[in-house]
Amino acid sequence: MAIAQDLYPSEDDLLYEEELLRNPFSLKLWWRYLIARSEAPFKKRFVIYERALKALPGSYKLWHAYLRERLDLVRNLPVTHSQYDTLNNTFERALVTMHKMPRIWIMYLQTLTNQKLVTRTRRTFDRALCALPVTQHDRIWEPYLVFVSQKGIPIETSLRVYRRYLKYDPSHIEDFIEFLLNSSLWQEASERLASVLNDDQFYSIKGKTKHRLWLELCDLLTRHANEVSGLNVDAIIRGGIRKFTDEVGRLWTSLAEYYIRRGLHEKARDVFEEGMSTVITVRDFSVIFDSYSQFEESMLAYKMEEMGLSDEEDDEGEENGFEEVEEENIHVKGRLAEEDFERKILHGFWLNDKNDIDLRLARFDYLMERRPELANSVLLRQNPHNVEQWHRRVKLFEGNPTKQILTYTEAVRTIDPMKAVGKPHTLWVAFAKLYEQHKDLANARVIFDKAVQVNYKTVDNLASVWCEWAEMELKHKNFKGALELMRRATAEPSVEVKRKVAADGNEPVQMKLHKSLRLWTFYVDLEESLGSLESTRAVYERILDLRIATPQIIINYAYFLEEHKYFEDAFKVYERGVKIFKYPHVKDIWVTYLSKFVKRYGKNKLERARELFENAVESRRERDREEMVERAGEERRVAPADQVKPLYLQYAKLEEDYGLAKRAMKVYDQATKAVPNNEKLSMYEIYISRAAEIFGVPKTREIYEQAIESGLPDKDVKTMCLKYAELEKSLGEIDRARAVYVFASQYADPRSDPEFWNKWHEFEVQHGNEDTFREMLRIKRSVSATYSQTHFILPEYLMQRDQNVNIDEAKDKLKEAGIPEDEMAALERQLAPNTVAKDRKVGFVSAGVESQSDGEIKTNANHEDIELPEGSDSDDDDDDNIEIAQKDVPYAVFGGLIRKRDEEEKNGGVDAAKDKDNENRLGALERIKRLKRN
């Protein structure tokens with residue numbers, strides 16, 4: 001065969017050829033030769049590769065490059081092309097020396113896999129596993145498993161390969177199980193999955209939990225119940241239910257579904273019922289119940305559909321079939337088939353009746369009716385000591401007394417009072433009331449008698465049972481029985497019983513029952529309604545002896561004695577109460593005691609009443625001192641105002657009605673010091689109103705000053721100052737009112753409290769002048785600077801500009817106030833800028849007196865001042881020419897005492913009283929003039 005000319009070495013190849021002739025076993029020379037001819041046709045490179053491999057048959061680098069180029073050559077060719085045979089032969093030749101190289105094997109195996117040569121590929125995989133060491137088998141098994149998982153590979157071949165692989169690496173059994181499931185080999189898949197679950201040391205490489213594997217096994221067994229055999233499915237699923245508490249409902253439904261697929265419907269119903277009666281979560285119950293109801297509904301629908309079809313068939317063959325059967329002799333001729341024979345013999349027998357739609361429908365309705373009861377059972381299995389769930393269970397059987405009684409019986413037997421959630425005594429009470437509703441008082445008393453013997457967690461529960469028992473007796477007019485029950489319940493245990501219980505070490509609540517306040521309160525009510533005075537007093541005294549009385553019991557005891565005209569005894573009870581209790585509990589006793597005493601005796605026992613009030617207030621002070629000592633330097637806790645304020649108000653009312661006005665004022669003064677800061681303002685307001693009514697308005701000045709200096713909060717001080725200023729303004733004391741405004745200004749920030757400054761502004765507009773208005777503005781700026789903590793020295797022109805703006809505002813205010821135009825013009829002239837002192841220092845605000853150049857003093861006009869004629873040095877000479885505007889003193893100035901005196905003197909003569917009243921009503925200026933004349 002002739003060799004093509006282009007395959008011979010060319011002139012460019014002579015250099016490489018000569019070097020190779022000198023050293024034909026040099027890999028470096030052959031590799032340089034191949035790189036230089038990388039653009040040459042493959043056939044020429046093929047000759048070079050073959051010559052190189054003949055010289056160096058053990059070179060992995062040459063074989064790998066050669067095979068890669070061979071693979072690239074056949075990449076776009078069909079697998080039936082002859083080049084693939086050449087490629088396979090090349091791989092076989094390479095493996096003669098490269099059989100320990102896994103990369104060559106992998107390339108070969110992938111090529112064979114793509115050629116779909118199943119047998120040759122399988123044998124080559126086996127050869128590779130035999131040739132390579134075990135440490136490199138994982139590189140071969142991976143493509144091997146991919147190969148056997150392809151479609152078209154015989155199942156038996158794949159199974160054998162997977163089984164061999166599991167011997168090499170058993171941890172990949174999950175892949176085998178997945179392959180079995182994909183291949184529909186349910187029997188072996190279930191066996192392998194069961195073996196995995198039985199292996200306690202198994203670890204899932206896919207991160208699956210044992211619980212998930214259990215669910216997969218249950219799904220496999222239930223969905224393919226007829227294909228899987230040899231496994232105890234019931235035992236497997238029940239084992240999972242016992243082992244895993246999560247999603248138990250799903251496992252129960254899987255077991256029921258297994259029996260449904262096997263056609264064992266009654267067994268499936270038993271499984272559903274068992275599951276609903278054992279699960280302890282509502283979620284699992286809902287899963288089982290929904291599956292159960294769906295199963296019954298589907299069975300009912302299927303049966304109805306089946307009966308519909310059978311009825312149509314029976315209608316068609318009824319005329320012919322039954323007539324022929326009746327005509328022939330069944331026993332003699334034997335013509336009928338076995339099926340027809342059974343149908344004839346068992347016809348009409350109810351067990352063989354296939355039309356059981358009514359039965360199935362009744363079964364389905366019964367299941368739906370039982371859902372609330374079954375759900376309640378689940379909650380009770382979670383906590384059998386849940387009282388509320390037992391009550392709900394009883395309500396489910398409303399209208400069925402037998403079921404209710406059985407439920408109550410089960411409840412009181414099951415619940416442990418020490419572990420109960422809720423109040424277990426309510427079950428006993430409801431149980432007894434059930435018998436009572438059905439007119440069975442004997443059994444109701446038996447239930448109550450058993451209930452009072454139960455060792456409850458608290459005494460209050462036992463006391464409630466006794467009270468309910470007594471109320472039942474009262475309801476049925478058994479008053480003596482109710483009283484006897486209360487005497488029995490409140491009886492103190494004997495010394496022998498106490499000694500025996502102390503020896504046991506576990507004291508039941510029955511030993512503490514005789515100190516139950518609830519029981520004694522009920523007993524007292526019964527005695528007041530049904531008993532005598534002596535028995536009721538004995539019960540009250542017993543309560544006091546046991547030291548379980550409350551302030552309300554003290555008050556009730558006193559009321560009871562008052563109703564029976566035992567007033568002094570009632571007051572003794574109050575005295576005992578105030579000795580037993582301390583603040584804050586004693587407050588109600590004191591208030592009631594004092595009001596009752598004052599109402600009873602009035603002014604007859606005034607000194608005793610005063611002593612009681614002093615004791616009440618003093619006890620409060622003592623309590624405060626005790627708290628202060630106990631806290632040892634800590635901040636003293638201020639008691640609520642309603643604990644001491646009502647006492648002072650009652651005390652002051654007593655002095656006003658029956659005592660002395662001065663003592664009443666003293667009480668009010670003490671009250672203002674005793675109440676907490678947040679109540680001082682209201683107390684001072686009461687104090688001021690009472691002082692104004694009794695002694696007149698001038699008396700309130702002292703109180704206002706005392707209130708302002710008493711340490712009130714800033715907000716209350718400001719409020720008090722405003723009221724004080726209004727008072728002074730109403731009395732015509734403008735300067736005093738202005739001084740109050742100046743004092744209060746330090747508590748009012750102009751930015752946050754514009755209301756105060758607006759009131760002062762209106763006051764100055766009505767009663768002030770230029771200097772007072774400027775002073776108000778100066779103080780306002782000063783206070784604003786104080787609150788902002790920033791002080792500025794403004795230039796002169798800025799001050800003049802601000803002053804001019806303020807003057808314009810003042811003119812507008814004066815105009816609004818109704819001042820005549822001529823007075824406004826005069827004021828405008830006085831406020832002109834040229835009146836400002838030329839030598840005034842920056843930052844100085846005039847107070848109304850300005851220095852003149854000639855040394856004289858110029859005083860700004862004050863329209864409120866009294867104008868006197870010039871040159872009047874003597875008051876005696878010009879008394880007749882002075883015209884003073886007179887104004888009546890407000891009647892409120894004189895207070896309530898002067899009004900009382902007027903009323904007393906009214907009987908002595910109306911005219912004299914009028915003259916005297918007129919004399920008392922003279923203005924201050926008129927009285928001054930009369931004194932000067934005299």
Checklist entry - So do Leu213 and Val196 actually touch side chain to side chain, heavy atoms under 4.5 Å? => result yes
Item to check | Ion pair check, Asp358 and Lys303, cut-off under 4.0 Å | outcome: no
Checklist entry - Taking side chain as C-beta onward, heavy atoms only, is Thr536 less than 4.5 Å from Tyr557? => result no
Item to check | Summary of side-chain hydrogen bond (donor to acceptor under 3.5 Å, both in side chains) pairs that have at least one residue in residues 402-416, sequence neighbours excluded | outcome: none
Checklist entry - Between Arg269 and Glu296, is there a salt bridge with N-O shorter than 4.0 Å? => result yes
Item to check | N-O pairing of Arg212 and Glu216 below 4.0 Å | outcome: yes
Next on the checklist: Parallel, tilted or perpendicular: which one describes the rings of Phe295 and Tyr292, with boundaries at 30° and 60°?
Outcome noted: parallel
Next on the checklist: As a test of understanding, state which of Gln382, Arg393, Gln389 forms a side chain to side chain donor-acceptor pair (under 3.5 Å) with Ser377.
Outcome noted: Arg393
Item to check | Within-4.5 Å side-chain heavy-atom neighbours: Arg238 and Trp252 | outcome: yes
Item to check | Row check, Phe289 ring normal vs Arg371 NZ/CZ: under 6.0 Å, within 45° | outcome: yes
Item to check | Salt bridge Lys480-Glu484, side-chain N to carboxylate O under 4.0 Å | outcome: no
Item to check | Interatomic distance, Phe364 atom CZ to Glu369 atom CD [nearest 0.5 angstrom] | outcome: 11.0 Å
Next on the checklist: I'd like to know if the side chain of Asn478 and the backbone of Leu474 have a donor-acceptor N/O pair within less than 3.5 Å.
Outcome noted: no
Item to check | Check ion pair Asp449-Arg488 (N to O, under 4.0 angstrom) | outcome: yes
Checklist entry - What about Tyr259 and His265, are their ring centers closer than 6.0 Å? => result no
Checklist entry - Only one of Arg542, Lys512, Arg487, Lys515 clears salt bridge (charged side-chain N to carboxylate O under 4.0 Å, His left out) with Glu492; which? => result Arg542
Checklist entry - Of all heavy-atom pairs between Leu427 and Ala411, which one has the smallest distance, and what is that distance? => result CD1-CB, 4.1 Å
Item to check | Candidate pair Asn198 and Ser195, rule side chain to side chain donor-acceptor pair (under 3.5 Å), full reasoning | outcome: CA-CA 5 Å; Asn198 291 330; Ser195 65; over 6 Å; no
Item to check | Lys475/Glu436 salt bridge by N-O under 4.0 Å criterion | outcome: yes
Checklist entry - Can any side-chain N or O of Arg261 pair as donor or acceptor with the backbone N or O of His224 at less than 3.5 Å? => result no
Checklist entry - Salt bridge or not for Glu473 and Arg445, using N-O below 4.0 Å? => result yes
Checklist entry - Is any NZ, NE, NH1 or NH2 atom of the basic residue among Arg370 and Glu373 found under 4.0 Å from an Asp or Glu carboxylate oxygen of the other? => result no
Next on the checklist: Can you confirm whether Asn455 sits close enough to Pro417 that some side-chain heavy atom of one is under 4.5 Å from a side-chain heavy atom of the other?
Outcome noted: no
Checklist entry - Given the rule in the side chain to side chain donor-acceptor pair (under 3.5 Å) test, do Glu527 and Tyr540 qualify, once you have shown the distances and angles that lead to the verdict? => result CA-CA 10 Å; Glu527 287 290 351; Tyr540 272 119; over 6 Å; no
Next on the checklist: Salt bridge check, Arg192 against Glu174: does any charged N sit closer than 4.0 Å to a carboxylate O?
Outcome noted: no
Item to check | Check ion pair Asp175-Lys206 (N to O, under 4.0 angstrom) | outcome: yes
